[in-house]
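Below: the structure, in structure tokens.
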Number of protein chains: 2
Amino acid sequence: MQSAQEEDGSTVVYDDVLRIADPGPPKQAHGAEREAAAKRISIGDVARLADVAPITVSRALRNPQKVSPDKRARIEQAVAQTGYSINPHASALKSGRSNVVLAFASNLMSEQFASALKSCAAVLEDAGYLFLVGQTSYSYERETAALRSLHAMKPAAVMLTGVIELESNRELLRGLGIPIMETWALPRDPIDMLVGFSNTEAGRLAADILFRKGYRKVAYVGRRSGRGALRLQGFREGCQAKGITLVCEELVDDVTGVSDGRRCLASVMARPAKPDALFCSNDVLALGCMMEARRLNVRVPTDLGILGFGQSDIAAEIPPGLTMIGIDSALLGREAGAMLIASLSGTPPAQKLKRLDLVVSEGGSL
Amino acid sequence: MQSAQEEDGSTVVYDDVLRIADPGPPKQAHGAEREAAAKRISIGDVARLADVAPITVSRALRNPQKVSPDKRARIEQAVAQTGYSINPHASALKSGRSNVVLAFASNLMSEQFASALKSCAAVLEDAGYLFLVGQTSYSYERETAALRSLHAMKPAAVMLTGVIELESNRELLRGLGIPIMETWALPRDPIDMLVGFSNTEAGRLAADILFRKGYRKVAYVGRRSGRGALRLQGFREGCQAKGITLVCEELVDDVTGVSDGRRCLASVMARPAKPDALFCSNDVLALGCMMEARRLNVRVPTDLGILGFGQSDIAAEIPPGLTMIGIDSALLGREAGAMLIASLSGTPPAQKLKRLDLVVSEGGSL
DNA sequence: TTGTAAGCGTTATCAG
DNA sequence: CTGATAACGCTTACAA
């Protein structure tokens, strides 16, 4: 850490950042200095150094057992010496393949999506793929733009956080001729592969749980569109089936934070017909509802039961602990990764569709 | 929504997913059908259709004003008709450039990182770049692997969530000859550009705030390494400067959830010398501490003041509301994006270093 | 097992 | 403003 008195009298403070002077990759050849750094090393350079043909280097790198041990050793040494790495553009241009798996998420700020992407990345990276994530921001426009660039990029495979709704984009993805993974829902006709669960089922299950706990006048809080709409649909069906009254549906366009949930509960409780329980199809909203309930002196679960959807460990730990329906998002990511790898290896998975079970985590909010 | 009775008696339930049958991009030519879908359209095909040379198509796409209006119109029509999009691999191979900006985050599950990446992405995508995110998972090994693939990929620029510590990786990035953005700290010698803040300063400020509030026996809770270590260092300095006793340092290797924070507080309170206040250098840990305090019947702030670091809106809203030191991570992302764009446009920004102010958000926890 | 030749689709260069 | 030509670095196809 260091402070420096500037000429103008202001004090600029710098962090001392940890620096690790490791040996690193062997230096480029000898006195080449800056020259060498500027010039890219190509497969030809490595080949020359190892005294073999470029194609042999290519083979040694991609299929070591197809090259004799001595040449392989020479090549490996030359690679290490030069710090050579394959040019993926040239490689992709010629072969029409790449080792990049592209993922698209509607929203990186969702804990659940991030968790699924993380575990999926781990699986694919272990198999030698580069896993990169783009955002679509819950916008069809952005989604289309993202998928178009993808179309040109020819990744090895595509992982989607969600399912594609625009028919034109589905067509676009289908046309790529590469493995496509959709997730988080259960459409009858996925583009290619799917690891998902039924959102309507989740809604029905919610009604079921509330009924069994004795609630008869319930409210719904959630997103208006997408999976929120599916959960609501299932919830309506479930309420009807059980003879529960759905006293109100509080819908939002977008969830930006717990304050959205606060607003929802405030609005619900301001109505004449108050519910005895709430199903929040989103854990951030549920958290906001729990906080607002406390502020309004609405006791949970005595005055109002709250059931959430998701896996938020925070919601689970905040007294009285949110009861949630959800899925194991890390499992979703792992399963999706495994299916993608199978598909990429040329041995398509036996099942192109994997349905995840809903899990209920009991808290004290019901 | 649909249920189907399977032969084995199990019931499979499918979501009906919203499907939008939009017009989409104009269909490929005429009867070409599947053939056309399989064969990629290249710049030559478009050129033939527009009756110009391929290079003219290239120009029309990259620099429309350099092509006469009539030819440009013909080309645009041909592009629309064929649904042509440039092959980025061929383009990158030839030109050594690409429109991909690669970001690397140590952890996608951090709300703050996600927020910064989101706003940075928005800025760069508006400028026509494709913003993709990879993960390094707080591991030097993964970081090195990620950066190596990056080296080969020749992105237009690199955005890093954090600063690079390994000297060999710094060297690697420097050698790329493209704009590099580091963030979240304030090293004296960034690789290229930097939008950050002083973590040691944050630690000193924490000591300052606790002192002013009257606390004299404090504890530290945070990550052992990286920025956590810097904040601790500053905190130690600040405590010494103010004459505050730092009764204990509770360090963790990794933060996976609020339960880590619970454990920390439990451990702190089990010691003989109890603190009257806590500085948590991470908001998830702070949240865990607040929850555990309640469980232990430690009143906040009466028995124990808690000061956090971050921006968590949840922590701010949970009674009594966490007081936090932090930065505006969306601003960080925007500033980084703007500097990258300036640099990419060939007009390097006047300032290659932008220091963000620390902001204190007052809650009731002190 | 190894090598030769050719070309993937684009753009830099230079000429018209 | 437009075009011919060559080349980017790699891998497929084929030959030895």
Side-chain angles (χ1 to χ4, degrees), chain A residues 38-76 78-79 82-100 149 151-156 176-177 346, chain B residues 38-76 78-79 82-100 149 151-156 176-177 346:
Chain A
K39 194 180 154 239
R40 298 215 16 92
I41 302 116
S42 82
I43 200 169
D45 303 324
V46 176
R48 216 166 301 123
L49 230 139
D51 193 29
V52 294
I55 183 66
T56 307
V57 175
S58 175
R59 277 195 274 255
L61 258 34
R62 297 154 41 72
N63 243 322
Q65 80 272 27
K66 289 206 150 198
V67 171
S68 64
D70 60 328
K71 296 208 172 182
R72 196 194 314 160
R74 293 217 306 275
I75 290 168
E76 273 164 8
V79 166
T82 53
Y84 169 73
S85 66
I86 223 162
N87 180 325
H89 298 301
S91 172
L93 176 57
K94 179 61 196 166
S95 68
R97 281 187 294 278
S98 87
N99 75 329
V100 174
S149 56
H151 181 246
M153 178 126 105
K154 283 253 167 190
L176 289 178
Chain B
K39 194 180 156 241
R40 294 208 29 84
I41 302 115
S42 81
I43 201 169
D45 303 323
V46 177
R48 215 166 302 122
L49 229 137
D51 194 28
V52 295
I55 184 67
T56 307
V57 176
S58 177
R59 275 195 276 255
L61 259 34
R62 294 150 37 74
N63 243 324
Q65 80 273 26
K66 289 206 149 196
V67 171
S68 65
D70 60 326
K71 296 208 174 183
R72 197 194 312 162
R74 294 215 306 274
I75 290 168
E76 273 164 9
V79 166
T82 53
Y84 169 74
S85 66
I86 217 164
N87 180 326
H89 298 301
S91 174
L93 176 57
K94 181 58 197 166
S95 69
R97 280 186 295 276
S98 87
N99 74 330
V100 174
S149 55
H151 181 247
M153 179 126 103
K154 282 252 165 192
L176 290 178

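We name chains A, B, ... by the order of the sequence lines, and we start the count at 1 in each one. All values derive from a computational prediction rather than experimental measurement.
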- Give a yes/no on whether any side-chain N or O of T56(B) is located under 4.0 angstrom from OP1 or OP2 of dG3(D). yes
- Tell me: CG of D70(B) to P of dC1(D), nearest whole Å? 11 Å
- Starting at atom CG of N63(A), determine the distance to atom C1' of dT2(C), rounded to an integer number of angstrom. 14 Å
- Quick one: closest heavy-atom pair of P88(A) and I86(A), and the distance? CD-O, 3.1 Å
- Ranking dT2(D), dT2(C), dC10(D) by distance to the side chain of S68(B), first place goes to dT2(D)
- Task: Starting from P on dT2(C), measure out to CG on D51(A) and report it in whole angstrom.
- Result: 12 Å
- To the nearest angstrom, how far is R97(B) atom CZ from dG9(C) atom P? 21 Å
- Message: Quick check: do V46(A) and I41(A) have side-chain heavy atoms less than 4.5 Å from each other?
- Response: yes
Solution key, residues 52-66 of chain B side-chain donor-acceptor pairs under 3.5 Å, sequence neighbours excluded:
{"unit_1": "N63(B)", "atom_1": "OD1", "unit_2": "Q65(B)", "atom_2": "NE2", "d": "3.4"}

- Would you kindly give the CG-to-C1' distance between D45(B) and dC8(C), to the nearest whole Å? 13 Å
- Which part of the nucleic acid, if any, lies within reach of R59(B) when heavy atoms closer than 4.0 Å are counted: base, sugar-phosphate only, or nothing? base
- Nucleotide nearest K71(A) (side chain, heavy atoms from C-beta), chosen from dG3(C), dA12(C), dG3(D): dG3(C)
- Message: Students often get this wrong, so: under 4.0 angstrom with heavy atoms, is R72(B) touching a base, only sugar-phosphate, or nothing?
- Response: nothing
- Message: Using OP1 and OP2 only, check whether a side-chain N or O of R62(B) sits under 4.0 Å from dA12(C).
- Response: yes
- Spacing between I41(B) atom CD1 and dT10(C) atom C1', to the nearest angstrom: 16 Å
- Students should find that the end-to-end axis angle of the helix from dT1(C)-dA16(D) to dG16(C)-dC1(D), with five pairs defining each axis and rounding to 10 degrees, is 20°
- Message: Taking the minimum atom-to-atom distance to the side chain of N87(B), which one of dT11(C), dG9(C), dG3(C) wins?
- Response: dG9(C)
- Map I55(B) and I55(A) onto DNA chain D by nearest heavy atom, then report which one ends up closer to the 5' terminus. I55(B)
- Task: Take atom NZ of K94(B) and atom C1' of dC10(D), then tell me their distance rounded to the nearest Å.
- Result: 14 Å
- Task: Please determine if a side-chain N or O atom of S58(A) lies less than 4.0 Å away from the OP1 or OP2 oxygen of dC10(D).
- Result: no
- Choosing from dA4(D), dG9(D), dT2(C), which nucleotide comes nearest the side chain of L93(B)? dG9(D)
- Message: By nearest atom, which of the nucleotides dG3(D), dC10(D), dG9(C) is closest to the S42(B) side chain?
- Response: dG9(C)
- Between P of dA5(C) and CD1 of I43(A), the distance in whole Å: 17 Å
- Note on the structure: Picking from dG3(C), dC10(D), dG3(D), the nucleotide nearest the side-chain atoms of A53(B) would be dG3(D)
- Out of dA7(D), dC10(D), dG3(D), which has the shortest distance to the side chain of S91(A)? dC10(D)
